[in-house]
Number of protein chains: 2
Amino acid sequence: MVRWQPGAFERLRSAALELFEETGYEQATVAGIAARAGVTERTFYRYFADKREVLFAGGEDLQRLMADAVAAAPHTDDAARLVAVALDALATAFPDELRAHARRRGAVVKSQPALLEREMLKLESLKATLSTALAKHGVAPVRAAVAAESAVGVFHVSFARWVADGEERSMAELQQEALEELRAVVMWV
Amino acid sequence: MVRWQPGAFERLRSAALELFEETGYEQATVAGIAARAGVTERTFYRYFADKREVLFAGGEDLQRLMADAVAAAPHTDDAARLVAVALDALATAFPDELRAHARRRGAVVKSQPALLEREMLKLESLKATLSTALAKHGVAPVRAAVAAESAVGVFHVSFARWVADGEERSMAELQQEALEELRAVVMWV
DNA sequence: TGATTGATGTCAGCTTCTGACATCCGAGTC
DNA sequence: GACTCGGATGTCAGAAGCTGACATCAATCA
């Protein structure tokens, strides 16, 4: 009766993840996802820029969370301290309740280079945001850029471990450990 | 007369770069590139997996160069030393003669998120290669992963600067400087 | 009731990318 | 010189991703 039920966005996300799990990313068509969500293909593209993006919606929230945390940090140009603030903020975005869903999503992403590619672009965007945020605190450009690369690198490695089978430690713990490993490497030079 | 001139691969690469510069990446069609190179669209796809890839051919060489250098390094599990070896190897792949071409290519890549995305995937691949190479030397997995993230981060930042307008320093110098900045950040924690 | 606005549907069309098969050129063989 | 064989290319058809333009429907408010 009704032409459209509310929540098309969420329905599309769920439908896509399910279909990707069932048939594989490539086999699943946008038309198929849309049909499962009860809308047309055209509507899919009104919510998501492309087929891949349906798995990456909400990435801006993560950036804003991190950027706000750094911006609100006590005034300092100590890059290391600001990086710690950024990592703490990121950790809060991945509570244990989300791990099960993150694993499902991660399995799909890992299966397809095109999706890994998009994930890397999101991380690059995160790097750029962090670098800018650091620079606003007075960190010199090159130092800010390198710090952002390493910080997001720590996040990336930790996230991969957080999602890995059997892993139970929190993002905060894993990031702490990764950061210590980074220290151990750099100290030795 | 002749059905095909040798060197289709190089002709396609040149034609693509030129056309991208003239009309922009999105406006340029694969058919247009192929026509300019004197070949059909189908042949383009025999050389390059997709439209973007024409700007990234040769990435495997870079990986091999780095992997070989690390593999040939004196036996040690000192990650910092191995990272230095990897960065030195990477620097040799970017002599000043290549800078002009790298700038043209870089301008196109920077103009299009889809291309930036592919570039990030290549860097991710480089990270994976380095992480594996470090692990083969006995570096613990997490440490290897974090070290690879930071090392490729240093490379990335340095490469961006190397290609930037007005920059004249060598990749080796820029990487050295970036590495020192990284040290300064991490030391402070 | 009527106007307005936002979400959706419909449709046409371009482009990317792939599979299948035919064709041509060059190199070696007899 | 004729034959053959393999690699590179051309031809063709078609699926799927994506976009612009325009119509339609439902909720809201005047």
Side-chain angles (χ1 to χ4, degrees), chain A residues 1-57 108-109 111-119 121-122, chain B residues 1-57 108-109 111-119 121-122:
Chain A
M1 294 306 106
V2 288
R3 182 167 185 179
W4 51 277
Q5 299 285 343
F9 181 84
E10 275 307 327
R11 285 206 314 281
L12 282 165
R13 292 221 300 176
S14 301
L17 183 55
E18 289 167 17
L19 206 52
F20 292 162
E21 288 176 329
E22 290 171 19
T23 73
Y25 174 79
E26 286 191 307
Q27 286 304 311
T29 67
V30 173
I33 296 168
R36 180 178 289 222
V39 295
T40 60
E41 187 176 358
R42 192 67 184 85
T43 291
F44 177 95
Y45 286 108
R46 290 199 173 98
Y47 285 100
F48 306 100
D50 57 48
K51 182 181 172 186
R52 289 179 273 166
E53 198 63 20
V54 70
L55 283 173
F56 295 90
V108 175
V109 170
S111 75
Q112 197 60 223
L115 295 173
L116 185 56
E117 200 172 11
R118 179 58 51 86
E119 185 136 286
L121 184 63
K122 299 293 182 183
Chain B
M1 293 302 105
V2 288
R3 183 165 185 179
W4 51 277
Q5 299 284 345
F9 181 83
E10 275 308 327
R11 284 205 318 280
L12 281 166
R13 290 220 299 176
S14 302
L17 183 54
E18 289 168 18
L19 206 52
F20 292 162
E21 287 176 329
E22 290 171 19
T23 74
Y25 174 79
E26 286 191 307
Q27 286 304 311
T29 67
V30 173
I33 296 167
R36 179 177 289 222
V39 102
T40 60
E41 186 177 355
R42 192 65 183 86
T43 292
F44 177 96
Y45 286 108
R46 290 198 172 97
Y47 284 100
F48 307 100
D50 56 49
K51 183 181 172 186
R52 289 179 274 167
E53 198 63 19
V54 70
L55 283 173
F56 295 89
V108 175
V109 170
S111 75
Q112 196 59 224
L115 295 172
L116 184 56
E117 199 172 10
R118 180 56 52 86
E119 185 135 286
L121 184 63
K122 299 293 182 183

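Below, chains carry the letters A, B, ... as their sequence lines are ordered, and counting in each starts from 1. These figures come from a predicted structure and were not determined experimentally.
- Heavy atoms of A:A34 sit nowhere under 4.0 angstrom from any nucleic acid atom.
- At D:dT11, none of the side-chain N or O atoms of B:T40 fall inside 4.0 Å of OP1 or OP2 (strictly under the cut-off).
- For B:R46 and D:dG10, a side-chain-to-base donor-acceptor distance below 3.5 Å is present, hydrogens and geometry of angles not being considered.
- When the side-chain nitrogen and oxygen atoms of B:T43 are compared with OP1 and OP2 of D:dG10, one or more of them lie within a distance under 4.0 Å.
- For the pair B:F56/B:L121, no side-chain contact is recorded, criterion being any heavy-atom separation below 4.5 Å from C-beta on.
- Taking for each of A:R42 and A:E26 the nucleotide of DNA chain D with the nearest heavy atom, the 5'-most of the two is the partner of A:E26.
- Heavy-atom minimum distance, B:L55 versus B:L115: CD1-CD1, 3.9 Å.
- Look at OH on A:Y45: it is 17 Å from P on C:dT10, rounded to the nearest Å.
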Are B:K51 and B:E41 close enough, and set up right, to give a salt bridge (Lys or Arg N to Asp or Glu O under 4.0 Å), and what steps lead you there?
CA-CA 10 Å; B:K51 183 181 172 186; B:E41 186 177 355; over 6 Å; no
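- Rounded to whole Å, the distance from NZ on B:K51 to C1' on D:dC18 is 13 Å.
- The CD-P distance, from B:E41 to D:dA13, rounds to 15 Å in whole Å.
- D:dG17 atom C1' lies 15 Å from atom CD of A:Q27, rounded to whole Å.
- Although no hydrogens or angles enter the test, the distance criterion places a donor-acceptor pair under 3.5 Å between the side chain of B:S111 and the main chain of B:V108.
- One interatomic measurement links the two molecules: CZ of A:F44 to P of C:dT10, which rounds to 18 Å at whole-angstrom precision.
- Enclosure of atom CD in B:E10 by more than 12 non-hydrogen atoms of other residues, nucleotides or ligands within 6.0 angstrom is indicated.
- Atom CZ of A:F20 is separated from atom C1' of D:dA16 by 13 Å (rounded to the nearest Å).
- For the pair A:D50 CG and C:dT15 P, the computed distance is 19 Å after rounding to whole Å.
- Remark: P of C:dC17 and CZ of B:F48 are 13 Å apart, rounded to the nearest angstrom.
- Neither OP1 nor OP2 of C:dA7 sits under 4.0 Å from any side-chain N or O of A:Y47.
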